[in-house]
Amino acid sequence: MHRRSRRTLQLAAATTLLVTGLTACNAAAKNDASGTAKSGGKSFTLVTPDGVGQNEFLKLAVDGVKAAAKAHDGTQKVYESTDTSSQQQNVQAAVDAEPDVIVLVGFEFADVVAQQAKAHPRQQFLIVDACTTKTYRNVSCAVFREHEGVYLAGAEAGLLSRSGKVGAVDVLDTPQFRRYSDPFAAGAKEVAAKTSASTRFVGGQSPFDDSARAKEQANSLLAKGYDQIMAAAAAGNYGVFEAAKAKDAYAYGVDVNQCVAAPGTVVDNVIKRTDVAVRKGIDQVLGGKAGTTVSYGLKEGGISLTGLEDGVATSKCVIAQHQDVLKKVAALRDRIVAGELKVDDPAAK
């Protein structure tokens, strides 16, 4: 999902914002560098759209910039934002420091990066999970093929469904957001051809933050016998989880491990590996391939399922109890990686 969903999901989980310093007014700056860069070392600055706290999505991005600093014998700094004002202030502070690469996570930074890139053509920028509308030689972008992971989650749903009906609660009825629903149905039908599938959309005035409306949409599916539901409703995911739990049904999360929010109800999660995108993106910029957009999917390790990652046994995900299903899903993943199986991208149509 877009970064807005990650922020609200983590806030709903009672994330505590850790502020280690101040930059400008409300901008929180956290410098994790242990000193100055060694001779010839590189410097990297990460700007996040929200406080990192316990936000696993942003914590992965921090891990990525730390790994890049270690690999390039350099230093790294993290600026944690709290609102639109601090986002802009932090970007300015990062530009003023003139690091080798400034990394930013989220669509909120697209406009400000475009302005800064034009004003500072020698400064390299890397945007993760978004991109600028216009192409700049000093702006690189890392985006994700979420639909590949959603397809695998759908396969799990098709194999686990008792009713032969799988559904999805999506934020909006747009090609970009259908990446979280259409492939879910396709994956289920790949392993169980007679599976029925349906999608409900949150919509309304606050589609990213309406847990009650998301719950209503989930209940409309559950009332018709759908027992496996892809929750792609941003902060509304918790409403989907509540509805599924009440009906003894199952749901699937996005971006991070949401099984911990509803143990016994959430089967698995489509994970975005921001650490991979940050580390590889920085390598690409330093390797002379700046100004391009790179897509990260199953093959690149940028998209995965919690069930296919290390630590699934302690993830609190239902899928940990179904090793037979995981073996079949792993085989599907390998076919996608090898190019033998292509997952249609709704956003490409």
Side-chain angles (χ1 to χ4, degrees), residues 1 5-6 8-16 52-64 144 146 148-161 166 168-169 180 183-184 187-188 191 218 227-245 248-277 296-298 300-334 336-337:
M1 301 297 290
S5 71
R6 289 187 285 279
T8 49
L9 286 171
Q10 297 308 319
L11 288 177
T15 294
T16 300
V52 176
Q54 297 304 309
N55 186 323
E56 294 299 327
F57 187 86
L58 295 180
K59 285 170 67 177
L60 283 176
V62 173
D63 290 344
F144 297 93
E146 300 95 341
E148 294 181 350
V150 174
Y151 184 89
L152 295 183
E156 290 180 338
L159 292 168
L160 293 172
S161 178
V166 307
V169 176
Y180 292 91
F184 190 71
V191 298
D227 63 352
Q228 306 280 327
I229 300 179
M230 181 72 208
N237 272 13
Y238 291 105
V240 177
F241 299 159
E242 290 176 1
K245 182 177 180 180
D248 194 27
Y250 297 93
Y252 296 75
V254 295
D255 290 350
V256 297
N257 180 14
Q258 295 191 283
C259 297
V260 295
T265 296
V266 180
V267 177
D268 209 340
N269 310 274
V270 179
I271 303 294
K272 283 186 182 178
R273 294 293 304 273
T274 43
D275 55 334
V276 172
Y296 292 87
L298 296 173
E300 297 80 12
I303 292 292
S304 185
L305 297 181
T306 301
L308 298 176
E309 297 273 284
D310 293 336
V312 61
T314 58
S315 66
K316 297 186 179 181
C317 292
V318 174
I319 196 62
Q321 305 166 21
H322 299 278
Q323 292 299 314
D324 56 333
V325 171
L326 281 176
K327 289 180 180 179
K328 294 177 181 178
V329 171
L332 281 177
R333 174 201 59 193
D334 294 344
I336 294 172
V337 170

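Counting begins at 1 with the first residue of the sequence.
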>> I'd like to know if K245 pairs up with E242 as an ion pair, taking the criterion as any Lys NZ or Arg NE/NH1/NH2 lying under 4.0 Å from an Asp or Glu carboxylate oxygen.
In response: no
>> Test side chain to side chain contact (heavy atoms under 4.5 Å, CB included) on V52 and V62; report intermediate values, then the result.
In response: CA-CA 8 Å; V52 176; V62 173; 4.0 Å; yes
Just by modelled atom types, is the [Y] backbone N or O under 3.5 Å from a matching donor or acceptor in the [X] side chain?
{"X": "N237", "Y": "A231", "value": "yes"}
{"X": "D268", "Y": "G307", "value": "yes"}
{"X": "E148", "Y": "L298", "value": "yes"}

>> Taking atom NZ as the centre, does K316 end up with more than 12 heavy-atom neighbours from other residues, nucleotides or ligands that are less than 6.0 angstrom away?
In response: no
>> A quick test of your reading: do over 12 heavy atoms of other residues, nucleotides or ligands sit less than 6.0 Å from CG of D324?
In response: yes
In the structure I gave you, are the side-chain heavy atoms of [X] and [Y] within less than 4.5 Å of one another anywhere?
{"X": "D255", "Y": "V270", "result": "no"}
{"X": "V266", "Y": "V318", "result": "no"}
{"X": "I319", "Y": "V325", "result": "yes"}
{"X": "M230", "Y": "V254", "result": "yes"}
{"X": "Y296", "Y": "I303", "result": "no"}
{"X": "Q258", "Y": "V256", "result": "yes"}

Gap between atom [atom2] of [Y] and atom [atom1] of [X] - 0.5 Å precision:
{"X": "L308", "Y": "I271", "atom1": "CG", "atom2": "CD1", "value": "10.5 Å"}
{"X": "L60", "Y": "K272", "atom1": "CG", "atom2": "NZ", "value": "12.5 Å"}
{"X": "L159", "Y": "L326", "atom1": "CG", "atom2": "CG", "value": "10.0 Å"}
{"X": "E300", "Y": "F144", "atom1": "CD", "atom2": "CZ", "value": "10.5 Å"}

> What residues form a side-chain hydrogen bond (donor to acceptor under 3.5 Å, both in side chains) with D275, not counting sequence neighbours?
Replying inline: R273
> Can you list every salt bridge (Lys or Arg N to Asp or Glu O under 4.0 Å) pair that touches residues 149-158, not counting sequence neighbours?
Replying inline: none
>> Show, in sequence, the C-alpha distance, side-chain angles and deciding distance for L305 and V312, and conclude whether the side chain to side chain contact (heavy atoms under 4.5 Å, CB included) test is met.
In response: CA-CA 10 Å; L305 297 181; V312 61; over 6 Å; no
Kindly give the heavy-atom pair with the smallest separation between [X] and [Y], and that separation in Å.
{"X": "V276", "Y": "G301", "answer": "CG2-O, 3.6 Å"}
{"X": "V166", "Y": "A188", "answer": "CG2-CB, 3.8 Å"}
{"X": "A233", "Y": "V240", "answer": "CB-CG2, 4.5 Å"}
{"X": "A251", "Y": "A244", "answer": "CB-CB, 4.4 Å"}
{"X": "G264", "Y": "Y250", "answer": "O-CE2, 3.5 Å"}
{"X": "A232", "Y": "Y180", "answer": "CB-CB, 3.4 Å"}

Is there a donor in the side chain of [X] and an acceptor in the side chain of [Y], or the other way round, less than 3.5 Å apart?
{"X": "N269", "Y": "T306", "value": "yes"}
{"X": "N257", "Y": "E56", "value": "no"}
{"X": "S161", "Y": "Q228", "value": "no"}

> Under the side chain to side chain contact (heavy atoms under 4.5 Å, CB included) criterion, do V267 and L160 qualify, and how do the steps go?
Replying inline: CA-CA 10 Å; V267 177; L160 293 172; 3.8 Å; yes
> Of all residues at least two apart in sequence or in a different chain, which pass the ring pair (Phe, Tyr, Trp, His ring centres under 6.0 Å) check with F184?
Replying inline: Y252
